[in-house]
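Structure first, commentary second.
All values below come from the heavy atoms of this structure, side chains included, with hydrogens, waters and symmetry mates left out. Order of listing sets the numbers, starting from 1, for every ligand and every atom in it. These figures come from a predicted structure and were not determined experimentally.
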Amino acid sequence: MKALLKWVLYLMSGLLVIVAALLIYVQNSWDRTFDVPLDKTFQVAMTPDAVENGRYLVYGPAHCAYCHTTKDKWAALDAGEYVPLSGGNYWDFEIGRITSSNLTPDMHTGIGGYTDAELKRALRANVSQKGRALFPLMDFHLMSDQDIHDVIAYLRSQPPVENEVPDNNFNLLGKAIMSFGMGPVDWGEGASRYRPDRDDIIEYGAYLANNVTACMACHTERDLKDGSYIGERFAGGFPMSSSEPGMVYVTPNITPDPETGIMFGWTEEAFVQRFLAGRVYPDSPMPWAAYARMTEDDLKAIYVYLISLEPIRKDTGPIYTAAK
Ligand code: HEC
Ligand code: HEC
């Protein structure tokens with residue numbers, strides 16, 4: 001009996017040592033950095049055309065503005081104002097609180113001290129200026145070089161706003177995921193770095209829906225712990241929190257399935273009008289008003305692409321419902 005007790009004690013202390021070692025490892029490595037190459041000589045051209053297209057992308061299709069401003073500014077954004085991108089919006093996930101960065105060129109609290117290459121790397125490879133993996137909320141890895149450069153030109157052209165944004169506040173699970181799981185995105189050098197020709201409407205719509213507007217990022221089921229995709233693309237079913245505790249929005253299926261696709265039967269005109277009309281649910285996480293700033297040609301390209309998709313039968317249930 002005594003011998004058995006001794007062994008149990010040995011085993012338990014062994015386990016304790018392992019757990020303690022893991023905890024120490026996680027505490028020390030959650031903010032590890034990655035060595036993702038930088039083209040140090042890279043600089044964007046600050047032409048008026050570049051700044052104008054960058055502004056269109058930031059407040060329109062790429063909707064950077066809705067994440068990089070606090071929610072109290074959304075009414076102004078919805079009204080078409082160009083609110084400065086001073087950051088501070090936050091999301092409470094299972095892994096802790098993630099806060100968006102100040103993207104105005106302030107030297108101390110914004111991107112004033114970042115190089116163009118570091119900004120481009122943040123969008124392509126999803127690492128911060130310091131090389132830490134960013135929580136995967138941004139899906140711009142395959143945006144074209146030209147569009148990324150224009151976005152950077154616009155960011156540089158804004159007036160600096162001093163706004164110190166708090167660091168992310170990860171809990172233990174978050175730190176463990178940062179230590180073991182999260183890393184830079186391998187976006188595949190050379191893959192889809194060019195914006196398709198607008199005349200090639202399906203290709204161009206695919207580019208917008210996947211690489212710029214992020215329709216795919218929300219209308220696909222994902223694992224909330226690390227952002228990975230677990231459902232069929234564009235088939236919806238991804239629950240997103242609402243400001244009402246206990247209630248969630250569930251993204252609808254936007255593939256052209258006759259029974260379960262929410263857009264089935266919509267004409268191009270109905271689609272464009274739906275987007276120009278803006279939000280129906282007051283706190284829907286979908287950046288409706290950003291898309292309403294898009295040109296009709298860009299909206300039509302997205303429509304043509306979406307109805308060309310393989311229909312996927314997936315009933316995503318009610319759009320606004322109690323969280324499971
Ligand atoms: C869905 C919300 C969302 C959208 C859309 C979004 N961002 Fe972000 N962005 C964030 C969050 C949150 C962080 C901080 C993530 C972290 O620290 O892990 C961030 C971080 C960044 C960083 C890294 C800054 C640093 O400190 O290194 C850059 C650069 C950036 N965003 C640029 C953009 C640009 C440009 C766009 C539009 C093309 C954009 N973001 C759109 C949420 C968003
Ligand atoms: C940040 C997440 C997010 C993004 C990005 C997003 N959606 Fe949504 N979408 C939602 C949510 C949540 C709903 C349900 C609530 C609502 O209707 O506003 C929704 C609803 C819809 C609906 C149904 C509207 C209706 O009136 O029945 C359509 C169609 C749609 N989205 C298409 C798109 C397209 C196309 C894009 C890209 C241009 C897109 N969404 C981008 C989250 C998103």
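Counting the atoms of ligand 2 from 1 in the order shown, those under 4.0 Å from a heavy atom of Met263 are 29 (C). The atoms of ligand 1 that sit less than 4.0 Å from any heavy atom of Arg132 are 17 (O), 18 (O). Of all atoms in ligand 1, listed by their number and element, those nearer than 4.0 Å to a heavy atom of Leu119 are 29 (C). Listed by atom number, the atoms of ligand 1 under 4.0 Å from Ile98 heavy atoms are 12 (C). Within the listing of ligand 2, atoms 14 (C), 15 (C) sit less than 4.0 angstrom from a heavy atom of Ile319. The contact set between ligand 1 and His63, taken as ligand atoms under 4.0 Å from a residue heavy atom, comprises 5 (C).
By the neighbour-count criterion of 12 heavy atoms within 6.0 Å, atom CD of Glu221 is densely surrounded, having more than that number from other residues, nucleotides or ligands. Dense packing is recorded around CD of Gln129, with more than 12 heavy atoms of other residues, nucleotides or ligands lying under 6.0 Å away. Counted within 6.0 Å of CG on Asp35, heavy atoms from surrounding residues, nucleotides or ligands total 12 or fewer; the atom is thus considered open. Shown here is Asp92, whose CG atom has more than 12 heavy atoms of other residues, nucleotides or ligands within 6.0 Å. Summarising the local packing, CZ of Arg32 is surrounded by more than 12 heavy atoms from other residues, nucleotides or ligands at distances under 6.0 Å.
Ligand 2 lies less than 4.0 angstrom from a heavy atom belonging to Met240. At a 4.0 Å cut-off, at least one heavy atom of Trp91 sits close enough to ligand 1 to count as contact. Put simply, no part of Leu208 is less than 4.0 Å from ligand 2, judged by heavy atoms. For the ligand labelled ligand 2, residue Trp266 lies inside the 4.0 Å heavy-atom shell. The closest approach between Ala217 and ligand 2 stays at or above 4.0 Å for every heavy atom of the residue. Within the 4.0 Å heavy-atom shell around ligand 2 one finds Thr251.
Scanning both residues, Glu162 and Asn102, for their nearest heavy atoms gives C-ND2, 4.4 Å. Val185 and Asn126 get closest at one heavy-atom pair: CG2-CB, 3.7 Å.
For atom 14 (C) of ligand 1, the closest heavy atom belonging to the protein is Thr99 O, 3.5 Å. Here the heavy atom of the protein found nearest to atom 26 (O) of ligand 1 is Tyr114 OH, 2.8 Å. In terms of protein heavy-atom proximity, atom 28 (C) of ligand 2 is closest to Ile254 CG2, 4.0 Å. Of the protein's heavy atoms, Arg274 NE, 3.6 Å lies nearest to atom 25 (C) of ligand 2. Protein heavy atom nearest atom 35 (C) of ligand 1, with residue, atom name and distance: Val151 CG1, 3.5 Å. The protein heavy atom nearest to atom 27 (O) of ligand 1 is Gln129 N, 2.9 Å. Atom 16 (C) of ligand 1 has its closest protein heavy atom at Asn168 ND2, 3.2 Å. Taking atom 3 (C) of ligand 2 as the reference point, the nearest protein heavy-atom neighbour is Cys218 SG, 2.8 Å. Ranking protein heavy atoms by distance to atom 18 (O) of ligand 1, first place goes to Phe135 N, 2.8 Å. Scanning the protein heavy atoms around atom 38 (C) of ligand 2, the nearest turns out to be Cys215 SG, 2.6 Å.
Contacts between Lys130 and ligand 1, counted as non-hydrogen atom pairs separated by less than 4.0 Å, are absent for every part of the residue. The proximity of Phe140 to ligand 1, defined as any non-hydrogen pair under 4.0 Å, is limited to the side chain. Contacts of Ala209 with ligand 2, taken as heavy-atom pairs under 4.0 Å, are absent altogether. The proximity of Phe275 to ligand 2, defined as any non-hydrogen pair under 4.0 Å, is limited to the side chain.
Tyr154 and Asn53 form no side-chain donor-acceptor contact under 3.5 Å, judged by distance and modelled atom types alone. Remark: the Asp223 side chain and the Tyr229 side chain contain no N/O donor-acceptor pair separated by less than 3.5 Å. For the 3.5 Å distance criterion, the side chains of Asn253 and Thr260 qualify, holding a donor opposite an acceptor. For Asp49 and Thr47, the side-chain atoms include no donor-acceptor pair closer than 3.5 Å. When only modelled atom types and interatomic distance are considered, Tyr320 and Asp283 share no side-chain donor-acceptor pair under 3.5 Å.
Considering only heavy atoms from C-beta on, Lys71 stays 4.5 Å or farther from Ser243 through its side chain. Residues Phe170 and Phe93 form no side-chain contact, since every pair of their non-hydrogen atoms from C-beta on lies 4.5 Å or further apart. Looking at heavy atoms from C-beta onward, Val250 lies out of side-chain contact with Ile319 at the 4.5 angstrom threshold. Side-chain contact between Ile95 and Phe135 is present, with at least one heavy-atom pair separated by less than 4.5 Å. The shortest side-chain heavy-atom distance between Arg121 and Phe42 does not fall under the 4.5 Å cut-off.
Atom CD1 in Ile307 sits 12.0 Å away from atom OG1 in Thr255 (nearest 0.5 Å). The structure places CG of Leu85 at 4.0 Å from OH of Tyr59, a figure rounded to the nearest 0.5 Å.
At a cut-off of 2.8 Å, measuring from atom 8 (Fe) of ligand 1, the protein N, O or S atoms that fall short of it are His68 NE2, Met138 SD, waters left aside.
Electrostatic pairing of Arg55 and Asp150 does not count as a salt bridge here, judged by no charged N lying under 4.0 Å from a carboxylate O.
Taking any N or O of Tyr281, backbone or side chain, none lies under 3.5 Å from an N or O belonging to ligand 2. Taking distance alone, with nitrogen or oxygen atoms compared against 3.5 Å, Trp288 approaches ligand 2 more closely than that limit. Remark: ligand 1 and Ser128 share no N or O pair separated by less than 3.5 Å (distance only, no angle test). Considering backbone and side-chain N/O atoms, Tyr291 never comes within less than 3.5 Å of an N/O atom of ligand 2.
Panel note: side chain Thr213, backbone Leu208; a donor-acceptor pair is recorded below 3.5 Å.
Within the coordination shell of atom 8 (Fe) of ligand 2, defined by N, O or S atoms under 2.8 Å, Met286 is present. At a threshold of 2.8 Å, atom 8 (Fe) of ligand 2 has a backbone or side-chain N, O or S atom of His219 nearer than that distance.
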